[in-house]
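Each ligand, and each atom within it, is numbered from 1 in the order the structure gives. Residues: numbered from 1 along the sequence shown. Since we're looking at a predicted model, the values are computed, not measured.
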Amino acid sequence: MSLRNERPVIIDTDTAGDDTQALLMGLLSDRIDVTGITICAGNVAFDHQVENAKRTLELAGAEDDVPVYEGARSPLQKDHELAHHIHGEGGLGGDRFPETGIESGEQFAVDYIVEQARANPGEITLACIAPLTNVALAYKKEPNLDELLDEVWVMGGAVNCLGNITPAAEYNFWVDPDAAKIVMNNFDVTLFDWGLTVRDTEFGPETLERIESGPDTPLAEFFTDITTQVREFNRETMGRDAVTQPDSALVAALVEPDLIEETGMYAVDVDEREGLTRGYTAVDENDVTDSDPRTRVVESLDSERFEAMFLDMLFEERPDAALGS
Ligand code: RIB
Ligand code: CA
């Protein structure tokens, strides 16, 4: 396979609400080349996630160009709970969308990731916006995966802050803490955690009103449809009329790395044990362990520019419209 000039990216996703926006961000940008989408167990029933990714491809007009590969249908060792109460039963708010009829790629997602990394050493970036089961399985198959990839960017964990699924943990790390531990211990990860999500990617009532009352595009309408339930959930549980963008912020920063304002290099580990601290992210900010500070934690993101990219995506189908080439 010959790759185009843009940065080639595989997006690993448990496609529900925010994942769809992340996929659109990547698919509609000229600056990165989404070469494949891999699906991992997470937010909602696996087959709904697969269909949600295909529906998103259709919205981006990319259904003939970008294959969807089905991966792990459950975490490595543990049971997990779906997030229907946040994203709706199908993962895209209240109503299910009609089936797309798009066929999945024939390969198992884990084999696809390994094959692509081996065939294009040092070129592929893995954008991980789901539990890390597929990536951990790929590592077990190819222990040199970190060297074979260009970069590994992960949305997951809660860096010295409250989690979103338990007080101790963010959802992606909670679902498969064994996989998260393997990945954080064996890859040079750029980490977008839940704390960053809350600090720098929240859209409040003014932005949501701008989207609702702005140009009546299919993507703006889709956004409002899929965020209605999560907005209500956030109002009820946190008393905040807002929605966050954990996954699309990561992909936006791949499109425009200058969105990243501050980072820190830390040793990061994950508590894989069942119980109160399942999925807890241990981040050695004070450098008191002997562990290698190999994780680049994104600590601050340019929220105004991110929001501008997001609105350009919804209204013009061009998240990089204002960025130049
Ligand atoms: O916890 C945030 C993560 O859970 C994100 O990946 C979000 O899309 C949901 O999947
Ligand atoms: Ca996700």
Side-chain angles (χ1 to χ4, degrees), residues 9-26 34 37-46 48-53 55-56 68 71-72 75 80-93 109 126-135 152-159 161-177 179-180 183 189-203 223 226-227 229-231 233-234 237-238 242-254 270 278-281 298 301 310:
V9 176
I10 296 172
I11 302 184
D12 189 68
T13 160
D14 54 339
T15 317
D18 183 48
D19 294 71
T20 64
Q21 305 304 302
L23 293 178
L24 289 170
M25 184 70 72
V34 180
I37 294 171
T38 55
I39 310 291
C40 186
N43 281 318
V44 293
F46 190 87
H48 290 346
Q49 296 183 158
V50 173
E51 227 3 83
N52 294 341
R55 165 85 183 137
T56 310
V68 174
H80 81 292
E81 283 170 27
L82 305 178
H84 289 149
H85 57 298
I86 302 174
H87 301 292
E89 199 220 321
L92 301 182
L126 209 50
C128 309
I129 56 173
L132 290 162
T133 321
N134 284 341
V135 187
V152 179
W153 287 28
V154 170
M155 190 286 132
V159 174
C161 67
L162 272 179
N164 64 344
I165 188 73
T166 72
E170 177 278 335
Y171 185 74
N172 287 342
F173 278 23
W174 179 86
V175 168
D176 197 341
V183 172
V189 166
T190 292
L191 189 68
F192 288 65
D193 83 304
W194 182 250
L196 179 78
T197 299
V198 173
R199 288 194 302 278
D200 290 340
T201 79
E202 192 174 273
F203 294 166
F223 176 87
I226 64 167
T227 50
Q229 177 158 340
V230 70
R231 190 173 170 184
F233 174 83
N234 289 345
T237 56
M238 297 186 293
V243 297
T244 51
Q245 302 301 325
D247 297 349
S248 46
L250 180 149
V251 178
L254 280 174
V270 179
R278 168 175 166 167
Y280 172 76
T281 323
V298 177
L301 202 73
F310 203 97

Please tabulate, for side-chain N and O atoms in residues 243-254, each donor-acceptor pair with protein atoms closer than 3.5 Å (sequence neighbours left out).
unit_1, atom_1, unit_2, atom_2, d
Q245, OE1, S248, OG, 3.1
S248, OG, D18, OD1, 3.2

Any side-chain heavy atom of [X] sitting closer than 4.5 Å to one from [Y]?
X: F192; Y: V154; result: no
X: V189; Y: W153; result: no
X: I226; Y: Q21; result: yes
X: D12; Y: I10; result: no

Quiz prompt | Worked check of side-chain hydrogen bond (donor to acceptor under 3.5 Å, both in side chains) between N52 and T15 | solution = CA-CA 6 Å; N52 294 341; T15 317; over 6 Å; no
Quiz item: ring pair (Phe, Tyr, Trp, His ring centres under 6.0 Å) with F223: which residues, sequence neighbours excluded?
Solution: F310
Self-check item: CG on N172 to SG on C128, rounded to 0.5 Å
Solution: 9.5 Å
Quiz prompt | Approximate separation, where rounding is to 0.5 Å, of N43 CG and Y171 OH | solution = 5.0 Å
One pair per line, please: each N/O atom of ligand 1 matched with every protein N/O atom under 3.5 Å away, atom names first, then the distance to 0.1 Å.
unit_1, atom_1, unit_2, atom_2, d
ligand 1, 1 (O), N164, ND2, 2.8
ligand 1, 1 (O), E170, OE2, 2.5
ligand 1, 6 (O), I129, O, 3.2
ligand 1, 6 (O), N172, ND2, 3.1
ligand 1, 6 (O), D247, OD1, 2.6
ligand 1, 6 (O), D247, OD2, 3.1
ligand 1, 8 (O), D19, OD1, 2.9
ligand 1, 8 (O), D247, OD2, 2.6
ligand 1, 10 (O), D14, OD2, 3.4
ligand 1, 10 (O), N43, OD1, 3.2
ligand 1, 10 (O), N43, ND2, 2.7

Practice problem: Less than 3.0 Å from the Ca ion (ligand 2) is the window; count the protein N, O or S atoms in it. | Solution: 5
